[in-house]
Visitor: 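Starting off with a structure, shown below.
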Amino acid sequence: MDQQSLLDTFDHVVVLMLENRSFDNILGYLYQDGVPPGKTFEGVAGKNLTNPDENGNPVPVSIGTNFHEPFPDPGEIFEHVTPQLFGVPPSDTVTMQGFVRDYFNTLKKLHRWKDSAGDQSKVIMKCFAPSSIPVLSRLAQQFAVFDHWFCAVPSQTWCNRAFWHAATSWGWVDNPPVQGDTPWNLDSWAEFTKGKTLFDLLETQFGVGSWHVYEDLAVPFTKLVHWGDLKGKIGEDYFRYFEGGEPYFTNFFADCAAGQLPKYSFVEPHFINFFEDVMWHDDMHPSSFDSVIYSDGGPGSVLLGDRIVWKVYQAIRNSNSSSGNNWQNTLLIITFDEHGG
């Protein structure tokens, strides 16, 4: 059976998009004991990969065991990613040699950061072993993993999430600022985002109710990213809770159990500490040092993100096979919006 025929067997697609982790950081050591015979894998195990520190000394890639790292959040905007890729000072070609130095410079600018920027900046070269992220690692080993993953824009969240559903960021390379009179602000973003998206194509082909964004924020993050196109979309035909939803229970897990997933489901984890029972954000985003959104309640942990992966996978695996969706005709895609610095 060819690849297109295999894709045609899926009636439902579920996308869980997590936050701000590179492929190497999460799955670089997936085959630390050797790649299976006959297979290839572009990881970091067995390779002498280094980055120079602020003094020019090489910092090797190694296995990390702190689930909260890197903390604080490294630089993720375009102005930081450029030196990460081209080096500090920059070269004319992509060398991938600026990650440690850029993180060092980021830490030095944090006025309340009292620890050693030199020591902490080396953490950016830490990658997790499969045992540290057992669910995601096991799924990658047993199903399939894309080992040449690239975010669409070498920058932060809004632009890359826009690409996922609109195939463009309309020329933007950073998130729009909340305030300011610059032409690149929220009002301009709303104008730029009036273009068609994947959601429009789904409605054209399958009708209203063919897609849901599952989220637990007051306003879905996806709706903000595509505000120009989605601001008029309201109600449960479009947006439903991910884990919350009392007293309505129209959430992702209820829909899975009832076999009522739409053609396309886009799942948003907890980006911030929104519910009382969510003590940390579980999107795998490294926590910021001076942000209420990403530091209140303590640093986030990749283990919390791995738990979300497990819950989503199990919900699909145990979905009602006598109804419209079940694990055999549902494609689950787990990805990240960007490498996150």
Side-chain angles (χ1 to χ4, degrees), residues 10-21 26 133 135-136 139-140 143 145-146 149 151 157-158 160-166 197-199 202 209-226 230 233 235-246 248-275 277-278 280-285 300-320 324-327 329-338 340:
F10 296 114
D11 297 320
H12 306 272
V13 176
V14 177
V15 175
L16 170 61
M17 183 175 286
L18 299 166
E19 290 266 303
N20 293 58
R21 293 282 170 173
I26 294 296
I133 313 176
V135 179
L136 195 60
L139 291 176
F143 289 94
V145 61
F146 295 94
W149 177 88
C151 57
T157 298
W158 287 48
N160 285 294
R161 286 181 175 263
F163 252 96
W164 187 265
H165 288 123
T197 63
L198 173 63
F199 304 113
L202 288 166
S210 59
W211 61 269
H212 294 328
V213 173
Y214 291 94
E215 47 73 37
D216 287 326
L217 294 176
V219 179
F221 196 25
T222 301
K223 190 172 186 176
L224 291 176
V225 171
H226 297 286
L230 299 183
K233 305 289 188 183
E236 293 177 355
D237 282 338
Y238 307 104
F239 303 101
R240 297 193 176 193
Y241 288 103
F242 171 37
E243 293 187 277
E246 289 186 6
Y248 308 107
F249 298 104
T250 52
N251 63 21
F252 175 78
F253 298 98
D255 285 350
C256 274
Q260 294 179 351
L261 287 181
K263 292 290 185 181
Y264 178 71
S265 302
F266 189 73
V267 179
E268 295 184 4
H270 295 289
F271 298 114
I272 59 176
N273 315 324
F274 190 72
F275 287 113
D277 60 339
V278 179
W280 297 275
H281 56 95
D282 56 16
D283 54 356
M284 290 202 187
H285 193 301
S301 167
V302 294
L303 279 182
L304 292 174
D306 206 44
R307 180 173 178 267
I308 287 296
V309 171
W310 175 79
K311 293 176 72 172
V312 169
Y313 169 73
Q314 288 292 345
I316 294 173
R317 183 172 178 265
N318 296 320
S319 58
N320 190 341
N325 64 275
N326 58 72
W327 68 269
N329 69 350
T330 301
L331 174 65
L332 172 60
I333 300 173
I334 304 166
T335 188
F336 291 78
D337 57 356
E338 44 153 314

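Quick caveat: nothing in here was measured; it's all calculated off a predicted structure. As a basis for the values below, the full set of heavy atoms in this structure was taken, side chains included, without hydrogen atoms, waters or symmetry mates. We're numbering straight along the sequence, starting at 1.
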Visitor: Working to the nearest 0.5 Å, report the span between CG of Leu303 and CG of Asp282.
Guide: 11.5 Å
Visitor: State plainly whether the residues Asp255 and Arg240 are in salt-bridge range, i.e. N to O under 4.0 Å.
Guide: yes
Visitor: Given the rule in the side-chain contact (heavy atoms from CB on, under 4.5 Å) test, do Leu261 and Phe252 qualify, once you have shown the distances and angles that lead to the verdict?
Guide: CA-CA 8 Å; Leu261 287 181; Phe252 175 78; 3.9 Å; yes
Visitor: Classify the angle between the aromatic ring planes of Phe242 and His270 as parallel (below 30°), tilted (30 to 60°) or perpendicular (above 60°).
Guide: tilted
Visitor: Looking only at the aromatic ring of each residue, does the gap between the centers of His165 and Phe199 stay below 6.0 angstrom?
Guide: yes
Visitor: Can you give me the closest heavy-atom contact between Asn20 and Asp337, atom names plus distance?
Guide: N-OD1, 3.2 Å
Visitor: Could you check whether Glu215 pairs with Lys223 (Lys NZ or Arg NE/NH1/NH2 to Asp/Glu carboxylate O, under 4.0 Å)?
Guide: no
Visitor: Using 0.5 Å steps for rounding, measure from the OG1 atom of Thr157 to the NE2 atom of His285.
Guide: 5.0 Å
Visitor: Which heavy atom of Leu217 sits nearest a heavy atom of Phe271, and at what distance?
Guide: CD1-CD1, 3.7 Å
Visitor: For Thr222 and Trp164, test the side chains for any donor-to-acceptor distance below 3.5 angstrom and give the result as yes or no.
Guide: no
Visitor: Among Glu268, Glu19, His226, which residue meets the side chain to side chain donor-acceptor pair (under 3.5 Å) test with Arg161?
Guide: Glu19
Visitor: Please test Thr335 against Trp149 for side-chain contact (heavy atoms from CB on, under 4.5 Å), starting from the C-alpha separation and ending with a verdict.
Guide: CA-CA 9 Å; Thr335 188; Trp149 177 88; 3.3 Å; yes
Visitor: Decide side-chain contact (heavy atoms from CB on, under 4.5 Å) for Ile334 and Tyr313; before the verdict, give the C-alpha distance in whole Å, the side-chain angles of both, and the deciding distance to 0.1 Å.
Guide: CA-CA 10 Å; Ile334 304 166; Tyr313 169 73; over 6 Å; no
Visitor: Nearest 0.5 angstrom please: Phe253 CZ to Asn318 CG, how far?
Guide: 11.5 Å
Visitor: Between CD1 of Ile26 and CZ of Arg21, what distance do you get to the nearest 0.5 Å?
Guide: 5.5 Å
Visitor: Tell me the closest heavy-atom pair linking Gly209 and Pro262, and the distance in Å.
Guide: O-CB, 3.5 Å
Visitor: To check you understand the geometry: which heavy-atom pair defines the closest contact between Pro269 and Leu18, and what is its length?
Guide: CG-CD2, 4.1 Å
Visitor: Which label fits Tyr264 and Phe266: parallel for a plane angle under 30°, tilted from 30 to 60°, or perpendicular past 60°?
Guide: parallel
Visitor: Does the Asp306 side chain pair with the main chain of Leu136, one donor and one acceptor, at a distance under 3.5 Å?
Guide: yes
Visitor: Could you state the interatomic distance from OG (Ser319) to CD (Gln314), rounded to the nearest 0.5 Å?
Guide: 11.0 Å
Visitor: Please test Asp283 against Ile308 for side-chain contact (heavy atoms from CB on, under 4.5 Å), starting from the C-alpha separation and ending with a verdict.
Guide: CA-CA 8 Å; Asp283 54 356; Ile308 287 296; over 6 Å; no
Visitor: Assess whether atom CH2 of Trp310 is packed by more than 12 heavy atoms of other residues, nucleotides or ligands within 6.0 Å.
Guide: no
Visitor: Are Trp211 and Phe239, when compared by the centres of their aromatic rings, separated by less than 6.0 Å?
Guide: yes
Visitor: Can you measure from CG (Leu202) to OG1 (Thr197) and round to the nearest 0.5 angstrom?
Guide: 8.0 Å
